[in-house]
Amino acid sequence: MSRFLSVIPVADAIAVAEGIAPACAMETVPVEESYGRVLAADIVADTDIPGFDRSIVDGYAVRSADTVGAGDAVPALLRCVGRVSMGSSDPMLAIRGSECTYIPTGGVLPAGADAAVMVEYTEEAGDTILVKRTVSHGENVILRDGDFKRGETVFFTGRRLSPQDAGVLAACGCAAVPVAKKPVVGIISTGNELVPVTAVPGPGQVRDANAPMLAAWLAEYGCVPVLYGIVRDEREAFEQVIARALPSCDLVILSGGSSKDDRDMTAGVIAARGTVLVHGIAIAPGKPAIIGRIGGKPVIGLPGHPASAFVVLIAIVRPLLDRMLGQKCSRLRTLQATLAENIPSQRGREEYVRIRVEGGIATPLFGKSGLLNTLVKSDGLVCIPAGAEGLEKGSRIDVILW
Ligand code: AMP
Ligand code: MG
């Protein structure tokens, strides 16, 4: 076996990762818990929404034609023939020429009316209402299907649901929302030098920073992370923990040990129990990454350096998860900003640089990928494509926000 990685382009690595993504099963969740989940079926409005023509002001329901030319000096005089009450529709309540009814915000517009006048522009004089404004047809009124029409598809499969979406789902009568099950993702930290967060590191030791970082990102992305602790760089220990994790996980991620040194176990163990599909990606940081598969389940080897692990998580694992979840449009949020400095980059690899954005200005934070501090001082990443030799100061860039 060669001591060198056979590096492939990022796009190819993503295609491999997507190609082995097992589809998540479907489940239903209460609408109030649907936020952040990925929709697993199209949602169709079961009725017109709001369902009746309604006023959006407190005032009087009128025929707009009766208010033509009305103003402070020459009010229109309308006879008030009733009051609309909230939450019910009175079929007897109707207006004809020169008539109106009192109507509260959200009340059903009575037959014959086509607009509402705000109470502020009216004056009461017994049964007569003085209307001091002209209103046009449809003014201050929402039509019965003004929001959504019965039978209309309001959301399509693969949408990640927002809080506003939960409101629309509720309005559509969708109490139990069909969503993709959350993928269960096992996280295994590897390295003889690693100690748990509760330990005080001795000489040469480091606390396991990656596992909580990966778990937090995965939880936010809609997965269930399961931590399998720290394993030493010993083949048997790797085999045991992978065997333990695989049956209960949809995806297993190992951090560290993904390179080609004698102490790097990940590739060898995956190869023994399954297949290594990719070992080396033209990405910086993150080149010594692994995409493998054991028993139909993806197994990913991330480099141990925290920034490398995080970049590969976002660049490669994210599209894999999108595919597992059936998510159509990824949740990457970007922000345009002007680059404050030149960023040099090597051709032939996709480079991700941490960026801080303040007042529309993007400042690159150059730092070794073994350091954690740039990950928290930055707001996101900029991607320099493999074909480019860098980015020029003053250019407009898209920052992928954390
Ligand atoms: P490796 O990829 O195993 O060669 O590790 C590369 C570097 O990342 C080494 O300096 C490790 O100590 C460090 N490293 C590996 N795993 C972790 C981790 N879970 N938390 C923090 N640093 C790590
Ligand atoms: Mg290691």
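Values below: all heavy atoms of this structure, side chains included; hydrogens, waters and symmetry mates excluded. For the single chain, residues carry numbers from 1 onward in sequence order. Ligands are counted one by one from 1 in listed order, and the atoms in each one are counted from 1 as well.
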When you compare ligand 1 with P306, is there at least one nitrogen or oxygen pair between them that comes in under 3.5 angstrom? no

In terms of residue, atom name and distance, what is the protein heavy atom nearest to atom 20 (N) of ligand 1? A209 N, 3.0 Å

Looking just at side-chain N and O atoms, do D114 and S64 make a donor-acceptor pair shorter than 3.5 Å? yes

S258 N/O to ligand 1 N/O under 3.5 Å: no

Looking only at side-chain N and O atoms, does Y221 offer a donor or acceptor that is under 3.5 Å from a partner on D322? yes

Taking the cut-offs as 6.0 angstrom to the six-membered ring centre and 45 degrees off its axis, would you call R144 and F52 a cation-pi pair? no

Test your reading of the structure: does D208 have an N or O sitting under 3.5 Å from an N or O of ligand 1? yes

With salt bridge (charged side-chain N to carboxylate O under 4.0 Å, His left out) as the criterion, how do E27 and K181 come out once you've worked through the C-alpha distance, each side chain's angles and the decisive distance to 0.1 Å? CA-CA 6 Å; E27 64 181 352; K181 262 194 169 157; 5.0 Å; no

Considering both backbone and side-chain atoms of G257, is one of its nitrogen or oxygen atoms within less than 3.5 Å of a nitrogen or oxygen in ligand 1? yes

Should we say atom CZ of F366 is surrounded by more than 12 heavy atoms from elsewhere, each under 6.0 Å from it? yes

S255 neighbourhood, listing ligand 1 atoms whose heavy-atom distance to it stays under 4.0 Å: 19 (N)

When distances are taken from atom 12 (O) of ligand 1, the protein heavy atom at minimum range is E193 OE2, 2.5 Å

Looking only at non-hydrogen atoms, the one of H305, Q205, R263 nearest atom 4 (O) of ligand 1 is R263

Applying salt bridge (charged side-chain N to carboxylate O under 4.0 Å, His left out), run through R273 and E239 and close with a yes or a no. CA-CA 9 Å; R273 310 191 77 234; E239 286 186 339; 5.7 Å; no

Can you name the atoms of ligand 1, numbered from 1 with element, that are less than 4.0 Å from a heavy atom of R207? 20 (N), 21 (C)

Identify which one of R160, Q164, R159 satisfies the side-chain hydrogen bond (donor to acceptor under 3.5 Å, both in side chains) criterion when paired with S162. Q164

Can you tell me the protein heavy atom closest to atom 23 (C) of ligand 1 and the distance? G304 O, 3.4 Å

Compute the shortest N/O to N/O distance between L194 and ligand 1 and return yes if it is under 3.5 Å, no if not. no

